[in-house]
There are 2 protein chains.
Amino acid sequence: MEGDAMMPDAEAEDAAPAGDAASEGAPAGLPDAVAAQEAARHANARSARASALLHDYVELIDDLLNVEGEARPTDIARRLGVSHATAIKAIARLKREGLAHSRPYRGVFLTEAGRALAAEVRARHRLVVDLLRALGVPEDVAESDAEGIEHHVSGETLKAFERFLGR
Amino acid sequence: MEGDAMMPDAEAEDAAPAGDAASEGAPAGLPDAVAAQEAARHANARSARASALLHDYVELIDDLLNVEGEARPTDIARRLGVSHATAIKAIARLKREGLAHSRPYRGVFLTEAGRALAAEVRARHRLVVDLLRALGVPEDVAESDAEGIEHHVSGETLKAFERFLGR
DNA sequence: GGCAAAATGTAGCCTTGGCTTCATCATGGG
DNA sequence: CCCATGATGAAGCCAAGGCTACATTTTGCC
Ligand SMILES: [Mn+2]
Ligand SMILES: [Mn+2]
Ligand SMILES: [Mn+2]
Ligand SMILES: [Mn+2]
């Protein structure tokens, strides 16, 4: 620990009191309620970020099952651009969460919950892409941005997108 | 691969001559080029997700510095809804990345690069909120969704938003 | 001016989500 | 029919980003 050298060279510290706010000796910080609201927004974004990965897996597996008839770890990994080991670990988590099931060397399948989630995720993905396209975003960029945006679009916002697209 | 004949191919759309000779009993899997493109989109989203956290810290620190005159770990933590220890670890990372600097017990400051990034992040945040509002999303929902969406909006899409908002 | 409380920092634990490496399994071509 | 090869799975490493618990420093208040 190079914790030495902690001599506070008496700077013009108190020269920046920034004492805005009300008449009271209250702290300059903004009201608790506002900070709490902001914290809630960030917590919300963190939560969405946490489920984003599983959503993408479920969406992709559903697609593979529909288009190819089966969803193999290697294909999943290739489509996501990760190693097969990474895909297998995520698949284990999907199973733990009750979204998928599989037996060794037999490919992956979705549970009822998994299929329901996949449908929801796909609808959201498409709607986000459609909205971006409608705003003039080039197709490849729309697809790319949508891959991240989709996980942060609430039901309310989704409805707004639908309204705008006239649906 | 599988012997079944899976004809429903998404890539038979129109252009996109990336198709490999599909005349033979070629694998049902979609072309390498398409899978690679999809993998690239996911890689892009992963990368954006990775920098999202630091962006939020930088944006918040800049705001605290502007509004309060100082950015203290405890305030940062409260506004983000995380423990102060978590904030301090993130701040260490900001410093490592050359975005911030600080001395023990003295609050956090942004480097030139940090300020530049903050300006960019804030502009993006505002534009996303404005777009959502323009589409009829309620203010609190717009703020909440924007907190996540903002990190996945490319420059191209940003321009499209500006165009739509008439700027 | 001194001291208790608040703020800050450190240490260590956990999960997620990447990776590489190595072991095992399944299958199709010869 | 057999085994080379590719697919699958297991193990273990790493960084990020949460947390709690505890140590240290600063500050506000009497
Ligand atoms: Mn996605
Ligand atoms: Mn998607
Ligand atoms: Mn954000
Ligand atoms: Mn933001």
Side-chain angles (χ1 to χ4, degrees), chain A residues 1-11 13-14 17 19 24-29 39 42-57 64 68 70-97 100 102-108 151, chain B residues 1-3 25 27 29 39 42-57 64 68 70-97 99-100 102-108 151:
Chain A
M1 294 53 177
E2 65 297 319
D4 65 306
M6 55 255 309
M7 53 320 198
D9 45 291
E11 305 178 5
E13 197 51 65
D14 49 329
E24 307 304 325
H42 281 287
N44 191 266
R46 280 196 301 273
S47 154
R49 196 155 60 217
S51 32
L53 195 93
L54 292 196
H55 287 189
D56 281 340
Y57 270 89
L64 283 168
E68 311 284 346
E70 61 180 1
R72 298 194 159 276
T74 301
D75 295 324
I76 295 170
R78 197 181 67 245
R79 296 266 296 261
L80 290 177
V82 299
S83 76
H84 83 275
T86 294
I88 283 177
K89 277 215 298 190
I91 290 164
R93 200 176 147 211
L94 286 181
K95 290 161 76 170
R96 237 190 307 141
E97 313 247 342
S102 74
R103 297 205 333 270
Y105 300 95
R106 300 315 286 269
V108 185
H151 308 287
Chain B
M1 295 23 172
E2 62 287 341
H42 282 287
N44 191 266
R46 280 196 299 273
S47 155
R49 196 156 58 218
S51 32
L53 194 93
L54 292 196
H55 287 188
D56 281 340
Y57 271 89
L64 283 168
E68 312 284 345
E70 61 179 1
R72 297 192 160 276
T74 300
D75 295 324
I76 295 170
R78 198 181 66 244
R79 297 267 297 259
L80 289 177
V82 299
S83 76
H84 83 275
T86 294
I88 284 176
K89 275 216 298 191
I91 290 164
R93 199 175 148 213
L94 287 181
K95 289 160 78 170
R96 237 190 306 141
E97 313 246 343
L99 295 170
S102 74
R103 296 205 335 272
Y105 300 95
R106 249 41 259 214
V108 185
H151 308 286

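We use all heavy atoms of the structure for the numbers below, so side chains are in, but hydrogens, waters and symmetry mates are not. These numbers come from a predicted model, not from an experiment. Lettering follows sequence order; numbering is per chain, from 1.
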> Atom CD1 of A:Ile91 to atom P of D:dA10: distance rounded to whole Å?
Replying inline: 11 Å
> Which nucleotide sits closest to the side chain of A:Val82: C:dG18, D:dA10, D:dC19?
Replying inline: C:dG18
>> In whole Å, I'd like the distance from the CG atom of A:Leu94 to the C1' atom of D:dG9.
In response: 16 Å
> Mind checking whether B:Val82 and A:His42 have side chains closer than 4.5 Å, heavy atoms only?
Replying inline: no
>> So if I define the base as every atom that isn't primed, P, OP1 or OP2, how would nucleotides 1-8 of chain C read as a B/S/- string at a heavy-atom cutoff under 4.0 Å?
In response: ------SB
>> Output the rounded distance in Å from CD (A:Glu70) to P (C:dA26).
In response: 15 Å
>> Any residue in residues 47-55 of chain B with a heavy atom nearer than 4.0 angstrom to DNA chain D? Just list them by number, or reply none.
In response: B:Ala50, B:Leu53
>> Using whole Å, what does the distance between atom P of nucleotide D:dT8 and atom NZ of A:Lys89 come to?
In response: 18 Å
> Out of curiosity, B:Arg106 CZ to B:Glu70 CD, how far, rounded to the nearest 0.5 Å?
Replying inline: 9.5 Å
> In whole Å, what is the span from the CG atom of A:Leu64 to the P atom of D:dA7?
Replying inline: 14 Å
> CG of B:Asn44 to CZ of B:Arg49: how many Å apart, nearest 0.5 Å?
Replying inline: 11.0 Å
> Roughly how far, to the nearest 0.5 Å, is the OG atom of A:Ser102 from the CZ atom of A:Arg72?
Replying inline: 11.0 Å
> Between B:Glu97 and B:Gly81, which is nearer to the 5' end of DNA chain D once each is assigned its nearest nucleotide?
Replying inline: B:Glu97
>> Taking 4.0 Å as the cut-off, does a side-chain nitrogen or oxygen of B:Arg96 come that near to OP1 or OP2 on D:dA15?
In response: no
>> Which residues pass the side chain to side chain contact (heavy atoms under 4.5 Å, CB included) test with A:Ile88, not counting sequence neighbours?
In response: A:Pro73, A:His84
> What is the distance from atom CG of B:Leu99 to atom CG of B:Leu54, rounded to the nearest 0.5 Å?
Replying inline: 6.5 Å
> Which nucleotide sits closest to the side chain of B:Thr86: D:dT20, C:dC19, D:dG18?
Replying inline: D:dG18
>> Tell me the interatomic distance from B:His151, atom NE2, to D:dA16, atom C1', rounded to whole angstroms.
In response: 16 Å
> Rounded to the nearest 0.5 Å, how far apart are NE2 of B:His55 and CG of B:Leu94?
Replying inline: 10.0 Å
> So, for A:Tyr57 and A:Ala87, which heavy atoms are closest and what is the spacing to 0.1 Å?
Replying inline: OH-CA, 3.4 Å
> Once you round to the nearest 0.5 Å, how far does CG of A:Leu53 lie from CZ of B:Arg46?
Replying inline: 8.0 Å
> Which whole-number value in Å describes the distance from A:Arg78 CZ to D:dT8 C1'?
Replying inline: 15 Å
